[in-house]
Amino acid sequence: MPALNVEFSEEELDELRELAREQGVTLKALVRASTADQIARHRALKEGAEIFARTFHDPALADAIRAAGLDDGPAGRTTGRAA
């Protein structure tokens, strides 16, 4: 199985060991789970960005906003207390 050697300072390694103890897992399991979580997070953010781009580049959305009479321009002057 492929492996990856990662260097940590003594302080970082001590913190990782303590975190692993608190979670009741081995240091290796903690690092593998953390890495898997970051990969999943990255994929989710990438997917969300792609969905956002598709949605807001859709000409039909702009037409629907105009048809609904929505205006995202600057708000007019208000009087009284701010909301």
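We use all heavy atoms of the structure for the numbers below, so side chains are in, but hydrogens, waters and symmetry mates are not.
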Q: Let me see the working for L19 and L27 under side chain to side chain contact (heavy atoms under 4.5 Å, CB included), right down to the final yes or no.
A: CA-CA 8 Å; L19 185 56; L27 183 57; over 6 Å; no
Q.
So L4 and T35, do their side chains get closer than 4.5 Å, heavy atoms only?
A.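 No, their side chains stay 4.5 Å or more apart.
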Q. Are I51 and R54 close enough that some pair of their side-chain heavy atoms sits under 4.5 Å apart?
A. yes
Q: Provide the closest heavy-atom pair for A20 versus L30 in the form atom of the first, atom of the second, distance.
A: N-CD2, 3.8 Å
Q.
Let's go through R41 and D37 carefully: what are the C-alpha distance in whole Å and the side-chain angles of both, what is the deciding distance for side chain to side chain contact (heavy atoms under 4.5 Å, CB included) to 0.1 Å, and is it a yes or a no?
A. CA-CA 6 Å; R41 180 178 178 273; D37 289 347; over 6 Å; no
Q | Summary of ring pair (Phe, Tyr, Trp, His ring centres under 6.0 Å) pairs that have at least one residue in residues 1-38, sequence neighbours excluded | A |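 Those involving residues 1-38 do not exist here.
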Q) Tell me, which pairs form a ring pair (Phe, Tyr, Trp, His ring centres under 6.0 Å) where one or both residues lie in residues 36-64, sequence neighbours left out? A) F52-F56
Q. According to the side-chain hydrogen bond (donor to acceptor under 3.5 Å, both in side chains) rule, which pairs have a member within residues 15-25, sequence neighbours left out?
A.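 Sorted result for residues 15-25: E18-R21.
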Q.
Hydrophobic cluster membership, with links at side-chain heavy-atom distances under 4.5 Å among I/L/V/M/F/W/Y: are L45 and I39 in one?
A.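 L45 does not cluster with I39.
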Q | Nearest-0.5 Å distance, CG of residue L16 to NZ of residue K28 | A |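 The CG atom of L16 sits 15.5 Å away from the NZ atom of K28.
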